[in-house]
Amino acid sequence: MKQSGSIGFKWLPIVLASLVLCSGCSILPPFTKKLPGNRTFIEYWPPDPNRKELRLAVKDNIDIKGVVTTAGSEIFSKTHKPAEKDAPCLAIARRREVQIVGKTNMTEFAISPSGMNEYFGTAVNPLKRDLIPGGSSSGNAVALASGMADVAFGTDTAGSNRVPAACCGVVGLKTTYGLIPIEGVYPVEPNHLDTVGPMGKDIAHTVKGMELLQDGFAAKYAAAKAAKPTARSIRVGRLKLKGTDPKIDQAIDDALAKAGFQVIELDESLSDKFEQAKKDGTTVAAAGAWISDERFQFALGVTGRTKSVIRLGQITYTTGYRSALARRSAWQRTLRNVFENVDVIALPTLQKTPPGLPLLDLRIGILEAQVLQLQNTVAVNFAGNPALAVPVPLSGAKVTVTSLQLIGPQLAEADLLNAGRLVESAVNR
């Protein structure tokens, strides 16, 4: 990927200010093996082909009883003991007939939006091998896109479910903050941002994933479908942001029009507030890296890139963390006011197509900063609202798919998935 020195210098303050972070859940089968080539999984348990149960993958920052939770790090893989119990988010899956197929790869400590992992290797994007898979739930997205799983449990602190879903052409749901328990999940910023949510190869499977995380969700989804069976009854607020590739904006508009939503253009003042919330959310997420991982800033078995993020998180924590949090209530109020006039907000998940993998590791810092600028996800985490990433067709680009992000009021997961169902049905006709 060609990157000039001037571009790197321009993005350097963003790297210094923060690097986006993300978090995730799974269940222990009878045997394990490491994949020899494809680094989609850290631990892989091949499913029984004679069984027809749902295949569930779990991000490796979620505890599974009897399995080491590596959080994508060499130091954890070599020093941690197997988890003594499951993370609570696995409780429903344990009671259902599902096949847990493995613990998926991720970026170390869920810190990087690119999806790259220097120790375990980087999962290969099935859409185009030379593109990043997106992070931090990279293994989840690749497992779904390549057909190795039907559903995945991931975590989302600043976009960790939605960014890889957008990069790999699958569905990712960021749940309302506090809805799904995050105990037993290795943290990034648990006090304000960390969430657990499902990813799926399509909307129907993402719904099934949500059913495994929240008792009674199937009934909520059925009610949402019955209340608004067609797109004509759903008001969509279209948010446009500066710097977005016109082809991607057009793809989003085409998908909304094809579905038949009532589209309402949102005021430019909301775009300005969204951009401020993006900066504030990134600041809080970066500071979370310092709060959660301070003890690893000089540790052997932690990559230099991760250590630099932790140290830079300290700077962010001391300079911007409290002031960013002070603006959080106003941003939440802004969104509540918007949702008095629209049912969901629509915008691209990524402002451009996924970047290419860097030729040299030395360029990774620039790459992470680039992905931070491209993603439209962290402002949602900062508010605590749910959001859904849905693939839609894209013309005239290096990949044939981009991602529509739908943002809803708090606890509107069923309504978002219903709207996503209508988009998916329309674009796949």
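Bear in mind that the values here come from a model prediction, so they are computed numbers and not experimental data.
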ask   = Charged N to carboxylate O under 4.0 angstrom, Asp415 versus Lys228?
value = no

request  = Report yes if the side chains of Lys103 and Trp45 come closer than 4.5 Å at any heavy-atom pair, otherwise no.
outcome  = yes

ask   = Around atom NZ of Lys273, are there more than 12 heavy atoms of other residues, nucleotides or ligands at under 6.0 Å?
value = no

key: Basic-acidic side-chain contact under 4.0 Å: Asp253, Lys240   = yes

message = Less than 4.5 Å apart, side chain to side chain, heavy atoms only: is that true for Ile42 and Thr104?
response = no

message = Could you tell me if Arg322 sits above the aromatic ring of Tyr317, with its cationic atom closer than 6.0 Å to the ring centre and no more than 45 degrees from the axis?
response = yes

inquiry  = Can you confirm whether the side chains of Asp63 and Thr69 place a donor and an acceptor under 3.5 Å from each other?
reply    = yes

message = I'd like to know if Arg328 pairs up with Asp280 as an ion pair, taking the criterion as any Lys NZ or Arg NE/NH1/NH2 lying under 4.0 Å from an Asp or Glu carboxylate oxygen.
response = no

query = Closest heavy-atom contact between Thr402 and Ala251?
reply = CG2-CB, 3.9 Å

remark   = So CG of Leu417 and NZ of Lys220: to nearest 0.5 Å the spacing works out to 12.5 Å

ask   = Quick one: do Lys352 and Asp245 make a salt bridge, cutoff under 4.0 Å?
value = no

inquiry  = To the closest 0.5 Å, what do you measure between CD (Gln375) and CD (Gln370)?
reply    = 11.5 Å

ask   = Would you say the side chain of Asn381 lies within less than 4.5 Å of the side chain of Asp194, judging by non-hydrogen atoms?
value = no

ask   = Between the side chains of Tyr186 and Asp293, does any donor sit under 3.5 Å from an acceptor?
value = yes

message = Could you measure the distance from the CG atom of Asp343 to the CZ atom of Arg235? Nearest 0.5 Å is fine.
response = 4.5 Å

query = What are the two closest non-hydrogen atoms of Val423 and Ala259, and how far apart are they?
reply = CA-CB, 4.3 Å

request  = Mind checking the CG-CG spacing from Leu388 to Leu406? Nearest 0.5 Å is all I need.
outcome  = 5.5 Å

key: Modelled atom types, side-chain donor and acceptor of Ser138 and Asn105, under 3.5 Å   = no

ask   = Hey, is Arg305 close enough to Glu118 for a salt bridge, meaning N to O under 4.0 Å?
value = yes

key: Test log, rule side-chain contact (heavy atoms from CB on, under 4.5 Å), inputs Glu413 and Leu179   = CA-CA 10 Å; Glu413 285 80 2; Leu179 178 63; 3.4 Å; yes

ask   = Does any non-hydrogen side-chain atom of Val344 lie less than 4.5 Å from one of Phe261?
value = no

request  = Give a yes or no on whether the backbone of Ala383 and the side-chain of Gln332 come within a donor-acceptor separation of less than 3.5 Å.
outcome  = yes

ask   = Do Thr122 and Asn117 have side-chain N/O donor and acceptor atoms under 3.5 Å apart?
value = no

query = Heavy atoms, side chains only, cut-off 4.5 Å: are Thr353 and Leu394 in contact?
reply = yes

Whether Phe41 and Tyr44 hold their rings parallel, tilted or perpendicular, with breakpoints at 30° and 60° = tilted

ask   = Do Thr303 and Thr306 have side-chain N/O donor and acceptor atoms under 3.5 Å apart?
value = yes

message = Could you walk me through whether Asn376 and Gln405 satisfy the side chain to side chain donor-acceptor pair (under 3.5 Å) test, starting with their C-alpha distance in whole Å, then the side-chain angles of each, then the deciding distance to 0.1 Å, before giving a yes or no?
response = CA-CA 8 Å; Asn376 293 327; Gln405 181 178 211; over 6 Å; no

Charged N-O contact under 4.0 Å between Lys174 and Asp156 = no

ask   = Is it true that the side chains of Asn385 and Arg336 contain a donor and an acceptor less than 3.5 Å apart?
value = no

ask   = Does the salt bridge (Lys or Arg N to Asp or Glu O under 4.0 Å) test come out yes or no for Asp86 and Lys65, once each step is laid out?
value = CA-CA 5 Å; Asp86 290 336; Lys65 184 178 179 179; over 6 Å; no

task = For the pair Arg95 and Asp215, evaluate salt bridge (Lys or Arg N to Asp or Glu O under 4.0 Å) and give the outcome as yes or no after the intermediate values.
result = CA-CA 11 Å; Arg95 300 195 298 265; Asp215 266 326; 3.2 Å; yes

task = For Asn428 and Glu424, indicate whether the former's side chain and the latter's backbone hold a donor-acceptor pair under 3.5 Å.
result = yes

key: Under 3.5 Å: donor-acceptor pair, side chain of Ser292, backbone of Val188   = yes

message = Checking Glu189 against Thr157: is there a side-chain donor and acceptor pair closer than 3.5 Å?
response = no

inquiry  = Measuring from atom CG of Leu372 to atom OG of Ser114, what distance do you get when rounded to the nearest 0.5 angstrom?
reply    = 10.0 Å

key: Over all atoms of both residues, closest heavy-atom pair of Gly281 and Leu193   = O-CD1, 4.0 Å

inquiry  = Can you give me the closest heavy-atom contact between Asn125 and Leu127, atom names plus distance?
reply    = OD1-N, 2.9 Å

remark   = Closest non-hydrogen contact found for Pro355 with Val371 is CG-CG2, 4.0 Å

ask   = For the atom pair CD1 (Ile182) and OG1 (Thr175), what is the distance rounded to the nearest 0.5 Å?
value = 10.0 Å

ask   = Is any NZ, NE, NH1 or NH2 atom of the basic residue among Lys208 and Asp202 found under 4.0 Å from an Asp or Glu carboxylate oxygen of the other?
value = no

message = Closer than 3.5 angstrom, by distance alone: can the side chain of Trp331 be matched with the main-chain N or O of Ala379 as a donor-acceptor pair?
response = yes

request  = Apply side-chain hydrogen bond (donor to acceptor under 3.5 Å, both in side chains) to Lys307 and list each qualifying residue two or more places apart in sequence or on a separate chain.
outcome  = none

request  = Inspect the contact between Lys78 and Glu74 and indicate whether a charged nitrogen and a carboxylate oxygen are less than 4.0 angstrom apart.
outcome  = yes

task = Compute whether any side-chain donor of one residue and acceptor of the other, for Gln410 and Thr176, lie under 3.5 angstrom apart.
result = no

message = Among Phe109, Tyr119, Phe120, which residue satisfies the ring pair (Phe, Tyr, Trp, His ring centres under 6.0 Å) criterion with Phe76?
response = Phe109

task = Please determine, by modelled atom types, if Lys59 and Ser137 share a side-chain donor-acceptor pair under 3.5 angstrom.
result = yes

Thr349 and Ser403 side chains, donor-acceptor separation under 3.5 Å = yes

request  = May I ask you to check whether over 12 heavy atoms, not counting those of Arg129, lie within 6.0 Å of atom CZ?
outcome  = no

ask   = Side chain of Arg55, backbone of Lys52: donor and acceptor closer than 3.5 Å?
value = no

message = With a 6.0 Å cut-off (strictly less than), is the heavy-atom count around NZ of Lys398, excluding the residue itself, greater than 12?
response = yes

task = Measure from the side-chain N and O atoms of Lys85 to the backbone N and O of Gly184, and report whether any donor-acceptor pair falls under 3.5 Å.
result = no

note = Closest non-hydrogen atoms of Tyr321 and Thr283, given as atom of the first, atom of the second and distance, are N-CG2, 3.9 Å

